[in-house]
Structure formats: C-alpha cells, structure tokens
Amino acid sequence: EAGASVLLLRTCLVLLAFPVYVLSFLGMWEPFCRKVFFPYILDKISVVHDKKSKKHKLELFRNLPEFRSPSGELRLLEIGTGSGSNFQFYPPGCKVTCTDINPNFQESLSKNMKKNQHLQYERFLVAAGEDLHQVPSGSVDVVVCTLVLCSVHSVSSTLREVLRVLRPGGAFYFMEHVAAEHSSWKYFWQQVCYPTWKLIFAGCCLTRELWKNLEEAKFSELKLQHISVALPWTPIEPHIVGYGVK
C-alpha cells in the first residue's frame with residue numbers, strides 16, 4: 001500500500017520536475033547546478049537553517065576551545081565549508097582550513113570571511129570528504145562537518161579520513177539531517193521526494209541513518225543527540241548533532 005503510494009507520488013514529482021530530468025539526461029543540469037543553482041539556493045536555505053539551528057550550534061560549538069593542542073593553537077578543518085556559515089561560532093584565533101568539493105561558493109564565502117575576522121584562514125582546498133590527501137595525518141585538532149554527510153559518496157570513507165587527519169584526542173563536530181522514524185509521515189514524504197530531491201540538490205540523500213555510521217566509526221567517545229530543526233515545507237526536519245573524540 002505505502003509502496004504504491006510512494007511510487008505514484010514520486011512519478012508526480014518527476015513530472016513536475018521534468019525539465020530538470022531532461023537537462024540532466026542531456027548532461028546540462030550537473031554543471032549548471034554546481035556553478036549557479038546550488039550555491040544560490042544553498043545561500044537562501046542557509047539563512048533559514050542558520051536561524052533555526054543557531055541555538056543548537058551555539059550549544060554544539062561551546063566547548064571547541066577544550067580541544068586546543070598542547071601548544072595552545074586550535075587548528076580546525078571544515079569539510080564542505082560552502083559559504084562559511086559556521087565561522088561565527090569558532091573561537092578567536094582559531095586557524096581554519098576550508099575544504100569543499102564545489103569551488104563555486106567564493107562570493108558568499110569571502111563575504112563571511114570578511115565578517116569573521118576573529119579567525120585565521122589558512123587555505124582553501126577543493127577536495128571531497130572521502131579524499132583529503134592534501135591534509136597530513138594527525139595535523140588538525142578539530143574537524144567540522146554540517147549538512148554535508150547527506151551528499152558524500154561514501155560516509156564511511158569520509159569518517160575514515162576525518163579520523164586520519166585528527167590528532168589523537170582531537171574531535172569531530174557534526175550536525176546533519178537524517179532519516180525520520182520509519183513509521184512516520186515524515187519518512188513517507190522523504191521516500192517520495194528522494195529521487196527528485198537528490199537530483200535537484202546536488203546528490204543530497206534524505207534517508208541516511210547517519211547515527212549508525214558514526215556509531216560504527218572508531219571514535220573513543222561519541223556524544224550524539226537527535227533533534228528537530230523545523231524547516232517548513234521541507235523533508236529535512238530530523239537532525240543529529242554532537243561530536244566524537246579520536
């Protein structure tokens with residue numbers, strides 16, 4: 001019953017988004033999405049998401065200074081920096097390395113860098129979360145990743161890279177949207193939207209149970225909370241937030 005309804009509603013969405021599917025078939029959607037659409041739409045969504053998640057992020061990043069290295073430095077690597085909406089939460093003097101697989105966020109990124117001059121920006125790497133080979137092993141105190149694990153090709157490879165670049169005793173901070181409770185309407189709508197959403201939003205997967213990947217990764221301690229970030233009319237309300245220590 002549910003399966004049939006999901007298929008029927010998925011088909012309706014495909015028809016609504018038909019031009020995008022055609023462009024994708026012709027190989028024109030991906031480059032347009034990467035260069036123009038996704039940076040633009042992410043900018044708009046981040047504004048809303050930042051408002052709704054601000055109290056959670058303040059709470060999450062409050063203990064960042066505890067992970068300074070013995071020399072007193074805090075070297076932080078962010079995976080999927082995007083437009084840099086997390087900069088405001090990092091402590092003064094923090095040395096930030098930005099990475100993103102998509103180099104087309106420059107405009108909003110430099111705007112956020114100017115706004116947050118309490119930080120030291122080390123470098124910007126165009127890199128996927130699964131392959132941070134430009135970053136030496138054990139060279140950072142903290143890795144941050146928000147709303148990124150939904151669209152990496154492999155969550156487990158990304159977490160392996162996180163653990164590799166962290167120094168022992170360093171921490172990985174995350175805030176991600178995840179699959180809803182399977183028996184819920186939210187999950188039903190996540191399943192309906194899945195294929196079209198993934199195509200339109202640059203590979204974003206709605207039904208990943210990321211807490212399982214984090215529990216399977218080799219963190220010596222993991223603090224993880226399930227929260228709800230109310231984003232009206234979107235299927236991305238259920239979130240997880242927390243940090244893991246190497």
Side-chain angles (χ1 to χ4, degrees), residues 6 9-11 13-49 53 77-86 98-106 108-109 124-133 143-162 172 174-180 186-187 189-214 217 229 231 233-240:
V6 166
L9 289 163
R10 272 186 181 180
T11 310
L13 269 187
V14 168
L15 293 172
L16 281 173
F18 195 64
V20 177
Y21 279 90
V22 171
L23 287 173
S24 174
F25 178 72
L26 297 172
M28 291 155 73
W29 173 251
E30 316 302 321
F32 170 74
C33 179
R34 203 172 51 240
K35 279 204 173 67
V36 182
F37 176 77
F38 195 59
Y40 171 79
I41 204 80
L42 199 67
D43 225 24
K44 301 284 170 261
I45 291 175
S46 320
V47 172
V48 182
H49 192 274
S53 62
L77 172 97
E78 183 163 358
I79 297 176
T81 308
S83 59
S85 60
N86 289 328
C98 306
T99 72
D100 206 295
I101 196 166
N102 185 348
N104 298 298
F105 291 101
Q106 292 315 15
S108 43
L109 182 66
F124 182 92
L125 305 171
V126 178
E130 298 91 334
D131 179 15
L132 301 167
H133 69 268
V143 176
V144 173
C145 183
T146 61
L147 303 186
V148 172
L149 294 177
C150 55
S151 53
V152 296
H153 288 300
S154 162
V155 178
S156 52
S157 312
T158 302
L159 293 176
R160 264 200 302 278
E161 276 292 76
V162 165
F172 171 58
F174 54 87
M175 181 178 195
E176 299 285 343
H177 68 84
V178 290
K186 284 191 189 102
Y187 186 69
W189 286 111
Q190 285 180 335
Q191 287 180 294
V192 168
C193 298
Y194 188 94
T196 300
W197 183 275
K198 187 177 179 183
L199 175 66
I200 292 176
F201 295 105
C204 170
C205 300
L206 290 171
T207 54
R208 286 188 173 171
E209 302 183 329
L210 295 167
W211 62 90
K212 292 182 177 170
N213 302 91
L214 284 154
V229 176
L231 293 167
W233 303 102
T234 71
I236 57 171
E237 197 178 305
H239 280 59
I240 53 169

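Numbering starts at 1 and runs along the sequence shown. As the structure is a prediction and not an experimental result, all values here were calculated from the model.
- To the nearest 0.5 Å, atoms SG (Cys98) and CD1 (Ile79) are separated by 12.0 Å.
- In this structure, Leu16 CG and Thr196 OG1 are separated by 8.5 Å, a value rounded to the nearest 0.5 Å.
- The two residues Glu161 and Gly129 make their nearest non-hydrogen contact at CB-O, 3.6 Å.
- Counting only distance, with no hydrogens or angles, the side chain of Asn102 and the backbone of Arg34 share a donor-acceptor pair below 3.5 Å.
- The main-chain N or O of Glu78 is found under 3.5 Å from a side-chain atom of Thr99 such that the two form a donor-acceptor pair.
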Q: Check the pair Cys193, Leu206 against side chain to side chain contact (heavy atoms under 4.5 Å, CB included), reporting the backbone distance first and the verdict last.
A: CA-CA 8 Å; Cys193 298; Leu206 290 171; 3.7 Å; yes
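- A distance of 9.5 Å separates CD1 in Ile41 from CD1 in Ile200, rounded to the nearest 0.5 Å.
- Note on ring orientation: taking the six-membered ring where Trp is involved, the planes of Phe201 and Phe37 are tilted (angle from 30° to 60°).
- Phe32 and Trp29 have their aromatic ring centers within a separation under 6.0 angstrom.
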Q: Report the C-alpha separation of Val229 and Met175 in whole Å, then their side-chain angles, then the decisive distance to 0.1 Å, and conclude whether the side chain to side chain contact (heavy atoms under 4.5 Å, CB included) test is met.
A: CA-CA 11 Å; Val229 176; Met175 181 178 195; 3.9 Å; yes
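- Checked by atom type and distance alone, the side chain of Glu130 pairs as donor or acceptor with a backbone atom of Ser154 at under 3.5 Å.
- Nearest approach of Pro103 to Gln106, heavy atoms of both residues: O-CG, 3.5 Å.
- Put simply, the side chain of His49 never gets that close to the backbone of Val47: no donor and acceptor are under 3.5 Å apart.
- Taking all atoms of both residues into account, the shortest heavy-atom contact from Ala179 to Pro238 is O-CB, 4.2 Å.
- A distance-only check finds a donor-acceptor pair linking the side chain of Glu176 to the backbone of Leu147 [under 3.5 Å].
- Note that NZ of Lys212 is 12.0 Å distant from CD1 of Ile240, once rounded to the nearest 0.5 Å.
- Rounded to the nearest 0.5 angstrom, Ser83 OG and Ile45 CD1 are separated by 11.0 Å.
- Between the Arg10 side chain and the Tyr194 main chain, no donor and acceptor come within less than 3.5 Å of each other.
- At least one side-chain heavy atom of Lys198 sits less than 4.5 Å from a side-chain heavy atom of Cys205.
- Phe174 contributes atom CZ, which lies 12.0 Å from atom OG1 of Thr146 (distance to the nearest 0.5 angstrom).
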Q: I would like to know whether Leu159 and Phe172 meet side chain to side chain contact (heavy atoms under 4.5 Å, CB included); could you show each step before the answer?
A: CA-CA 9 Å; Leu159 293 176; Phe172 171 58; 3.6 Å; yes
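- Between Val155 and Arg208 the shortest heavy-atom distance is CG2-NH1, 3.7 Å.
- Asn104 is not listed as a side-chain neighbour of Phe38, based on a closest heavy-atom distance of 4.5 Å or more.
- Contact of the Leu132 side chain with the Leu77 side chain is registered, since non-hydrogen atoms from C-beta on lie closer than 4.5 Å.
- Considering every non-hydrogen atom in both Ser24 and Leu199, the closest pair reads OG-CD1, 3.5 Å.
- Considering all non-hydrogen atoms of both residues, Leu109 and Gly82 come closest at CD1-O, 3.6 Å.
- With a 4.5 Å cut-off on side-chain heavy atoms, Gln190 and His177 do not count as touching.
- Counting heavy atoms from C-beta on, the side chains of Trp189 and Leu9 come closer than 4.5 Å.
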